[in-house]
Structures are given as structure tokens and as C-alpha cells.
Amino acid sequence: MLHLLAPQTADGILKLKEQLAGDSRAHKIDLGVGVYKDEGGATPIMRSIKAAEQRLWQAEDTKTYTSLPGDPAYLDAMRRLILGSDVAESRVAAIATPGGTGAVRQGFELLQMARPGARVFVTDSTWTNHLSILAHLGIEAVPFRYYDPATHAVDTDGMLADLAQLEAGDAVLLHGCCHNPTGADPDPEGWRALIEVMNARGAVPVIDLAYQGFGDGIDADAAATRAIADGCAQVLIAASCSKNFGIYRERTGILMAIMQDAGLRAQAQGALTHLNRQSYSFPPDHGARLVTMVLDDPALRADWQAELEGMRARMMSLRTDLAQALAEASGSDRFAYLTHHRGMFSRIGASPGQVDRLRDEHAIYMVGDGRINIAGLNARDIPALTRAMLDVGL
Ligand code: LMR
């Protein structure tokens with residue numbers, strides 16, 4: 001009966017990797033998949049992670065199972081990294097997950113367990129895999145206005161007008177910082193209004209936090225998540241260590257459920273632990289252990305923060321340099337939005353036809369919706385990208 005399986009369409013982001021590999025042009029530029037690259041085009045292992053790996057190899061004397069929700073030290077270190085001291089520990093249930101995607105998937109499953117038929121409101125647009133996972137689980141995704149292509153910023157009025165349609169028990173999927181794919185985040189007032197509307201309508205926020213440290217800094221990037229966790233009775237947070245610890249293939253993430261009191265926390269913890277057991281039993285531990293070692297050792301942590309800050313600063317200067325090159329070449333300031341966006345991504349307003357031309361005529365690869373990965377750029381490629389963007393009419 002397996003011949004009955006329907007063919008699946010390839011993920012648009014991952015398809016780019018294959019297309020790029022088949023392109024023999026030496027000057028090709030990869031602005032596709034969201035992976036950080038340094039000036040030489042490498043995605044290096046962070047120094048602190050390498051040091052932790054060395055220590056772990058020396059010290060680890062068993063590979064027996066950890067606990068079903070994940071190593072408590074990891075869950076605790078991540079809770080503190082993400083929530084600081086703003087949210088009482090007694091409110092937080094958590095599981096380790098295989099990557100941020102695993103956390104997102106488990107979070108959606110939890111919503112479905114709690115309330116079959118719950119809808120998930122999603123920013124228009126959002127990470128394509130959010131929509132794909134929701135569709136796979138049979139959960140209705142309801143897009144709400146978010147990004148205004150004319151201003152390249154968040155359409156706060158449109159967003160709030162659409163969220164007035166929320167019903168009690170619906171969920172709202174938000175990006176904690178560095179919105180993927182647009183690069184545009186709400187301003188503090190926008191976040192406050194979001195908290196108000198979700199509370200007024202009885203909706204549950206689900207926050208995807210995959211880029212903490214890539215926008216304005218480790219604490220600044222968690223500020224909106226902390227405000228929501230503080231201001232709403234029940235919140236889900238799906239966080240990833242792939243980018244900020246550079247451990248993509250280790251699949252290291254966490255799902256937290258913030259509840260209003262310790263009794264409900266215990267109930268949520270039971271459901272989360274059950275989800276781990278029925279999905280894959282014990283979660284992967286290697287990446288989680290490295291993250292814990294880095295966060296709990298003052299010297300490793302300081303080095304990690306310094307390296308992460310260097311990555312963040314480099315992305316910001318690539319943004320500034322690209323915006324400046326475009327301003328000079330075009331004689332206009334219409335590309336200033338690049339410096340207002342945060343994180344790895346910006347949506348540059350390219351139509352599908354322009355995306356195709358950029359690839360076919362200029363060997364520049366980006367996602368079909370015109371998303372570029374700033375961290376895929378380097379200083380040498382900025383003139384070529386500038387010429388190409390103007391050549392296709394951006
Ligand atoms: C991206 O958006 O490019 C990354 O999150 C990688 C992925 O898995 O899609």
C-alpha cells in the first residue's frame with residue numbers, strides 16, 4: 001500500500017541547495033538557506049563549542065539515556081538564557097527537542113492535544129515550514145497582515161485589525177526576533193498591543209525564537225519573548241540553538257510551556273514529557289550538553305558571547321554596506337530598510353520573475369519570495385549584488 005503515497009513538493013528553501021550545487025558558475029552567490037557564513041564563506045564551529053566538545057570527550061563516561069524531558073541542567077540553562085529572571089521558574093514546563101523545528105512541531109502537537117480544532121494565526125508571511133508542519137498536522141493556519149511590502153516594515157494597524165478575529169483558544173504564532181522571512185519585527189508599542197489583543201481575545205501566543213543574539217543582542221532579542229511570558233497567562237516558546245551556537249546538525253532545541261501557576265505547570269510538564277516519549281522517546285543530548293557546558297562555564301560563556309556578538313556585528317555591517325552601495329548606485333534611499341531589518345533575513349521585494357532573473361542572469365540565489373540571507377554575503381559580493389538588484393529593476 002505504500003505505492004499509494006502522494007508525491008510531496010520539495011521545500012522551496014532546501015531545493016535551492018540542490019540548484020546551487022548544480023551551478024558551475026564560479027561567481028555564484030548563495031543567499032538562500034539560513035546558515036551563517038563568515039567572510040570566507042565557511043560556517044565555522046564556534047570556539048566555545050569546540051572547547052566544550054574537547055572537554056566532553058575527556059569527561060563523558062556514559063552514553064546511557066538522559067531523562068525523558070531532557071537533561072534538567074540544559075532545560076534550566078536555556079530557561080535562564082531565554083527568560084532571564086523575569087518569569088518565575090515555577091511557571092515553566094520544558095522539554096528538550098531535536099532542533100527548533102522539533103520544538104515547533106511538538107508545540108503544535110501540544111495545541112492539538114489541548115484543543116483539537118484550535119486554529120493557529122500566522123504572520124503573512126512566515127517561515128514556509130511553519131505552514132507545512134501545520135498542514136501536515138491538519139491544523140488550520142490563518143494568516144494575518146504583518147509585513148507591508150511598501151514600507152518594508154510591520155503593518156501594525158493591519159495586524160491588530162486582523163487579530164481582532166481571534167477566538168478564545170486560538171493560538172498566535174510569533175517570531176520572537178529577527179522575523180523569518182521578512183527581517184521586520186514589531187516595535188515595542190506593537191509588541192505591547194499584541195499582548196493586549198491576545199489577552200483580550202483569550203488567545204495563546206506561540207513564540208518561535210530561532211535567532212536570539214542575531215538581532216540587537218542576547219537580552220534585547222529576548223525582550224519581546226520575556227514581555228509576553230510575563231504578560232500572558234499561558235505561552236509556548238519554541239527555541240533553537242542551531243544558529244546562535246552554530247550547531248545546526250546537532251539538532252538542539254527546547255519547547256517551554258509557561259503556565260499561570262505551579263499546578264498547571266505540572267500538568268503541562270506531563271503532557272510535554274508524554275509528547276517526547278511518543279515521538280522519539282529520549283531527546284538528543286550531545287548538542288544540549290555542549291550548550292549547557294558553554295552557558296554554565298563563565299569563561300566559555302564569555303567567549304561564546306564575544307563570538308556571537310562578532311557575528312551579529314558583521315551582519316549589521318553587511319546590511320549597512322549593502323544599503324550604502326545601493327543608495328550610491330541608485331541615487332535613492334529606497335533600500336534604507338535593509339538597515340532597519342534585523343537578523344539574517346530581509347525581503348527585498350523581488351517578484352518571482354526577478355528572483356529567476358537574478359539566478360539565471362547573475363548567479364544570485366535567494367528564496368522565491370525574495371528573501372535574502374544577509375549572512376550568506378561577503379564584502380566582495382556587494383558590488384555584484386548591487387548591480388544585479390538594480391539591473392532587474394529593484
Ligand atoms: C531557513 O529559514 O533558511 C532556515 O531556518 C533553514 C531551514 O531549515 O529552512
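Because only heavy atoms are used, hydrogens play no part in the values below, and waters and symmetry mates are left out as well, while side chains stay in. Start at 1 and go down the list; that is how both ligands and their atoms are numbered. Computed from a prediction, not measured in an experiment: that's the story for all the values here.
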task: Report the C-alpha separation of Ile237 and Leu83 in whole Å, then their side-chain angles, then the decisive distance to 0.1 Å, and conclude whether the side-chain contact (heavy atoms from CB on, under 4.5 Å) test is met.
output: CA-CA 10 Å; Ile237 302 170; Leu83 296 174; 3.8 Å; yes

- request: Could you please spell out the steps behind the side-chain hydrogen bond (donor to acceptor under 3.5 Å, both in side chains) verdict for Ser125 and Arg347?
  value: CA-CA 10 Å; Ser125 55; Arg347 178 174 278 179; 2.9 Å; yes

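Ring pair Phe245/Trp304 is parallel by interplanar angle, where below 30° counts as parallel and above 60° as perpendicular.
Arg342 pairs with exactly one of Asp216, Asp221, Asp185 by the salt bridge (charged side-chain N to carboxylate O under 4.0 Å, His left out) rule, that one being Asp216.
At a heavy-atom distance under 4.0 Å, no atom of Leu14 approaches ligand 1. In His130, neither the side chain nor the backbone holds a heavy atom less than 4.0 Å from any atom of ligand 1.
Residue contact check: Tyr211 has heavy atoms under 4.0 Å from atoms 5 (O) of ligand 1. Close approach of ligand 1 to Arg371 is summarised as follows: ligand atoms under 4.0 Å from at least one heavy atom of the residue are 1 (C), 2 (O), 3 (O).
Of the polar atoms of Ile13, none of the N or O atoms is found under 3.5 Å from an N or O of ligand 1, judged by distance alone.
Distances from atom 8 (O) of ligand 1 to the heavy atoms of Trp127, Phe345, Tyr248 put Trp127 nearest.
Formation of a donor-acceptor pair under 3.5 Å by the Arg265 side chain with backbone atoms of Arg91 is not found in this model.
The nearest protein atom to atom 4 (C) of ligand 1, hydrogens excluded, is given as Lys243 NZ, 3.2 Å; this is a heavy-atom distance.
Ligand 1 lies nowhere less than 4.0 angstrom from a heavy atom belonging to Asn129.
For Thr156, there are no side chain to side chain donor-acceptor pair (under 3.5 Å) partners, not counting sequence neighbours.
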